[in-house]
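Before any comments, here is the structure.
Every heavy atom of this structure was used, including side-chain atoms; hydrogens, water molecules and symmetry mates were not.
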Amino acid sequence: MFRSLKSGIDFNKARVHTTESLKSKVFVTFIAMIVRNELFQKAEELRKKNRKAYTVPGMISELENIECTRNSVGRYRRKYALTAKQKLILKQFDMDEKYIDRSIGEFSY
């Protein structure tokens, strides 16, 4: 992310071949930095308790473990129960298990 921003407009350093690709890469990087900053700011309370366990990459990795599967009827369900760590992270964003289940349910057809 930071390598992309530091590289500036140089096509070789950004590893792209067209202006459109460069603009897209810069835009995606910008959005990723906004999301990362939001996650960092919301988890400030958690980092006060355990600085090493609640890094941004660690929280993203923990939230990526929330999986859902589709049953034979076509409805989606959470594959596993949420861990205590996942619940703490989601709580910082005013989310809980019911919110996750409702969101997953919206994907059902």
Practice task
Report the distance from atom CD1 of I34 to atom CZ of R36, rounding to the nearest 0.5 Å.
Solution key: 13.0 Å
Problem - Partner set under side chain to side chain donor-acceptor pair (under 3.5 Å) for R78, not counting sequence neighbours - result: E97, D101
Exercise for the section: For residues L88 and L46, report the shortest heavy-atom separation together with the two atoms involved. Expected result: O-CD1, 3.9 Å
Practice task
Any chance you could measure Q92, atom CD, to R47, atom CZ, to the nearest 0.5 Å?
Solution key: 10.0 Å
Exercise for the section: Using the test salt bridge (charged side-chain N to carboxylate O under 4.0 Å, His left out), find all partners of E44 that sit at least two apart in sequence or belong to another chain. Expected result: none
Exercise for the section: Provide the full list of side-chain hydrogen bond (donor to acceptor under 3.5 Å, both in side chains) pairs with a residue in residues 52-61, sequence neighbours left out, each pair given once. Expected result: none
Practice task
Using side chain to side chain contact (heavy atoms under 4.5 Å, CB included) as the criterion, list what pairs up with V28, not counting sequence neighbours.
Solution key: none
Problem - Q86 to A81 - nearest heavy-atom pair and separation - result: OE1-O, 4.2 Å
Handout entry: For E38, side chain to side chain contact (heavy atoms under 4.5 Å, CB included) partners two or more places apart
Key = K42, F93
Problem - ILVMFWY network linking I89 to M95, side-chain heavy atoms under 4.5 angstrom - result: yes
Handout entry: Residues in side chain to side chain donor-acceptor pair (under 3.5 Å) contact with S21, at least two apart in sequence or another chain
Key = T18
Exercise for the section: Taking the side chain as every heavy atom from C-beta outward, state whether N65 and T83 have any atom pair closer than 4.5 Å. Expected result: no
Problem - Pairing residues for K91 by the salt bridge (charged side-chain N to carboxylate O under 4.0 Å, His left out) criterion, not counting sequence neighbours - result: none
Problem - Y80 with I60, same ILVMFWY side-chain cluster at under 4.5 Å - result: no
Problem - For K98, side chain to side chain contact (heavy atoms under 4.5 Å, CB included) partners two or more places apart - result: D96, R102
Practice task
Could you tell me which residues satisfy side chain to side chain contact (heavy atoms under 4.5 Å, CB included) with N71, sequence neighbours excluded, listed by chain and number?
Solution key: V73, R75, R77
Exercise for the section: Return the minimal non-hydrogen interatomic distance between R70 and Y76, and the atom names on each side. Expected result: CB-CE2, 3.6 Å
Exercise for the section: Can you tell me which residue pairs pass the salt bridge (charged side-chain N to carboxylate O under 4.0 Å, His left out) test with a partner in residues 56-69, sequence neighbours excluded? Expected result: E67-K79
